[in-house]
Structures are given as C-alpha cells and as structure tokens.
Amino acid sequence: RCANSAPSDSSALIYLSQYGYISASRGNSSQLLDERSYKKAIEDFQSFAGIDVTGQLDPVTLETMTLPRCGVKDKVG
Amino acid sequence: TGDNRAKRYALQGSRWKVKDLTYKISKYPGKLKRGDVDKEIQRAFNVWSGYTDLTFTPKSGQVHIEIRFETGEHGDGDPFDGPGGTLAHAYFPVFGGDAHFDASESWSINSYRGTNLFQVAAHEFGHSLGLSHSDVRQALMAPFYRGYDPLFSLDTDDVEGIQALYGKKTKKDTPSFDDDNDDQDGEFDESPSNEKKTPAPPSVDQSLCADPKFDTIFNSAEGYTYVFKGDKYWRLTEESIAPGYPKKISETWPGLEGNIDAAFTYKNGKTYFFKGSKYWRYKGRKMDGDYPKEISEGFTGIPDNLDAALVWSGNGKIYFYKGSKFWRFDPSQRPPVKSTYPKPISNWDGVPDNLNAAFQWTNGYTYFYKGNAYYRFNDRAFAVDVTNPPFPRSTAYWWFGC
C-alpha cells in the first residue's frame, strides 16, 4: 500500500528523503513506498532528533521538521 | 543499531590525509563586513584545531576548503530554500570539503538575533573534516541549529569524533585549549612521587591524617595551595603539609568566616569564597570591597550551599558543584549560566556526587575530593584518569604525607 498522501505526508516524504531517511527517488519518477518503510523512516528521524518515537507524523515531529538546520543528510550511505 | 544504540558522533568515512589545510572565502554574505566574516570563519576553524593538530590557513588560489555564500540553486544540485529551513551544507573530504552558506539567511555575529555565523560555520567545517551528524542533541554536530550560545564550547561527543579522525592535540599553540601538559598522557602517573608527599616531619600537624575530610582547597594568586577546615587552614607544600599550621582563617583573611563551602582563584587574580548564601572576594589577603554579598547577586544562576567550585583546566571556565549537579559560569557572557544548566555530575565520568571540594592544582590537573579519597580528572578523556594505582586514592597518604 502506498503511504496516504495528506499534504503533510508529501512534505514529510520530501524531508525524509532529503535527509537520508528514505532512499531518494530520481525525481523524475514517484516511488511506491510500503507503509512499514515509511513508518520506520519516521521512527529513525524521531530517534535521531531526540523526540518521542511514535512512527506517526504527530505535531512535534512536523514541528521539528520545520526547524532551521544543516542541509547535510543525517543518514549518510 | 536499533533504538538502544548509544547516541554519539558519526564518521562519514573519509578524512584529509594532511593536517595543514587551507581555505578561502570566494563569495561573502551581503550584510556583514568582510573582515568580520573572516574573523568568524577563522574562529570556527579554531574550534577544531583546539583539540587536534589540524591547522587552517586562509590563502588565495588552490585551497582545500572553499567557502561560498550562495542563494537558491547554486550549481551543486542542492538548492538553498531561502530564510530558515536549510541554513548551510558542506561536503565531506572525499567530495571536496567545500562549505556553502545560504546567503538569504540573516547571518549575525555575537547576537541573539539572526543566525549565528560562527556556530553554523563550525558545524559545517565538522562535515568538511569528515564528521557526519551526531544524534547527541547538545553536540555541535547535531543537525538542528539551537540558537546563539554565548558560552559555546564543543561537546565531548564532538571532541571524541574529531579526535577519532585526526588524533589528539599534541602540539602547543593556543593556551586557551587543553593545557597540554605532555605528562597528561599518563606516564606522569607512573611516577607517584609527583603527587606523593614525602612523609611530613613530626613537627607538622597530624590532625588531617586522623580525619582527612576538609571543607575546601584552592590555590592563591601567588600559587600557594590552602586547605580549609572549620575555622582553620593549612598550607600545602610540594611534598607535604607546611610546618607551623594550622592557623586561624580569620587571622590571615580578615573578615572571612570559617566553615567555607567552596573557593577558587580566578584569572583576575582574585579569590572567591562561598558559604551558605554568601560569598566574599579577596585580593590576596585583603577583602576586595564590601563583602559578604549574596551569591544570587554576584553569581546569578548559581545556587547557595555549594559543595565545591573550580576553574576547570580544560577551558578556563568556572564550575560549581552541588549534590548531583553542576553549573558552568562564564563571567564574560550574558547570561553567565546557560539555561541548559544544571547538568548531572555524572557527565564528568567517574566523578562522584556530593563532593567535598575540587580545584585545579599547579600541575594543571583538576582534582575532586570526597570523604577520605580524591580523584584526578583527565581533561581530554573527560573522565577520571585511569592509572595504576587507580583512583580514588587516599587523600591523607598522597596529599598530606600521612
């Protein structure tokens, strides 16, 4: 099942991809992402950012995604 | 791996093979004077050279690290996004090491307004040197910008990361960092005579042998080491307790009470004594003004009824200890105590809570005392020294020549 695409989901997808939590798509194709990988990516980000690990795009997580930060990926392959 | 992985720095996997690196600023931000930017950028590099043998020299032409302030798409496929969001990015050594800053940010220097150039630059240069992001929240290499910190200093996580790449600092250059006493590499400990006092001659008072617990220990501006206990004090010599002691505190420091909680001598040459909610300041043996004053008045953010205080040899800042917590006080900054304090004394790996005393001895080491025992602190490892014989050691034997 692809992740549901509420507006926050799509910007969160971009964020998670930009900072290395989801392998970046080529940009010229959209990728099918199973829910489990998506949830895992959110959990990884929450753990890295030191916030509650819920696997959900809760308000704290969305807020943290708006904080000023460094542009380098958190997860470097 | 997994959630229970200890939080710590991360190495990207590449580093520079040379330690003497060069850099240039090819494109400046609009609103700051170039000279100020130059200074802040050098200061940001110095953060890393303070703990390693890395050096950073500005020059023109071919350099290791090129620095540019750019807006939007700027040729590397990693466009900036305007004010906020992404502030800057940098490339790891294997990708060239360059650092790009979003020129649309409101870059500032020594100000709570805008985005602090020095802190962001120091972070980006961590990437240029091979550090990835750390998940230790208070580390410089954490990904999120945490606002201007007038008391900025690298977290031990950052120090461990950069030293994992480039080793510890072995060359002296800037005295403001680790007082790099070669003895600190441990051979200093193999010869216990450095700290072992030769047995005190019989004329020396033995009361501290019977009960070596004391109120506080400090160095005077002249370099003498004093131990306070109750209303008496002793002077320590290189080898033992000086003959002719104890004496009355009030005879030598007129106006000073007994049962002092903590004391230290700051780089201004003045000695501060703390007791209950009050503190005194002395210049040598003379009270330096109208004292006692309230601690809350002169040391805002520091609690009453302290256990110990010292000027730490690692960064020259003043640390206060009480119960299981410690505070860092930097008189040159506003506020002098960051809001993230107090922090747990357990951060000082191996140092116990509920200390009796602490100070930086004339050998540059920092010592902590509790009950009949003491601990010597290794500033670079940021932990109690691992030696043979181990710490804690007997205060009476090693310090009072008992």
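Throughout, protein chains are lettered first and strands after them, A, B, ... in sequence-line order, and every chain is numbered starting at 1.
Around the CD atom of B:Q62, the shell of radius 6.0 Å holds no more than 12 heavy atoms that belong to other residues, nucleotides or ligands. Within a 6.0 Å sphere centred on CG of A:D58, other residues, nucleotides and ligands contribute more than 12 heavy atoms. Taking a 6.0 Å sphere around NZ of B:K59, one finds it holds more than 12 heavy atoms contributed by other residues, nucleotides or ligands. Other residues, nucleotides and ligands contribute at most 12 non-hydrogen atoms within 6.0 Å of the NZ atom of B:K325. Heavy atoms of other residues, nucleotides or ligands lying less than 6.0 angstrom from CZ of B:R15 number 12 at most.
Separation of atoms SG (A:C70) and CG (B:L87) is listed at 8.0 Å; rounding is to 0.5 Å. Note: B:T86 OG1 to A:Y19 OH = 3.0 Å, rounded to the nearest 0.5 Å.
When the candidates B:E124, B:H133, B:R137 are compared by the number of heavy-atom contacts under 4.5 Å with chain A, B:H133 comes out ahead. When A:G50, A:A49, A:P68 are compared by the number of non-hydrogen pairs under 4.5 Å with chain B, A:P68 comes out ahead.
Considering all non-hydrogen atoms of both residues, A:V72 and B:A90 come closest at CG2-O, 3.3 Å. Here the shortest heavy-atom pairing between A:R69 and B:F144 reads CB-CD2, 3.9 Å. Here the closest heavy-atom approach between residue B:P143 and residue A:D74 is recorded as CB-OD1, 3.4 Å.
Side chain of A:K73 to main chain of B:S132: no donor-acceptor pair is present (N/O by atom type, distance under 3.5 Å, no hydrogens or angles).
Neither the backbone nor the side chain of B:T115 has a heavy atom closer than 4.5 Å to any heavy atom of chain A. Looking at B:Y91, neither its backbone nor its side chain comes within 4.5 Å of chain A, counting heavy atoms on both sides. Using a 4.5 Å cut-off between heavy atoms, B:E105 makes no contact with chain A at all.
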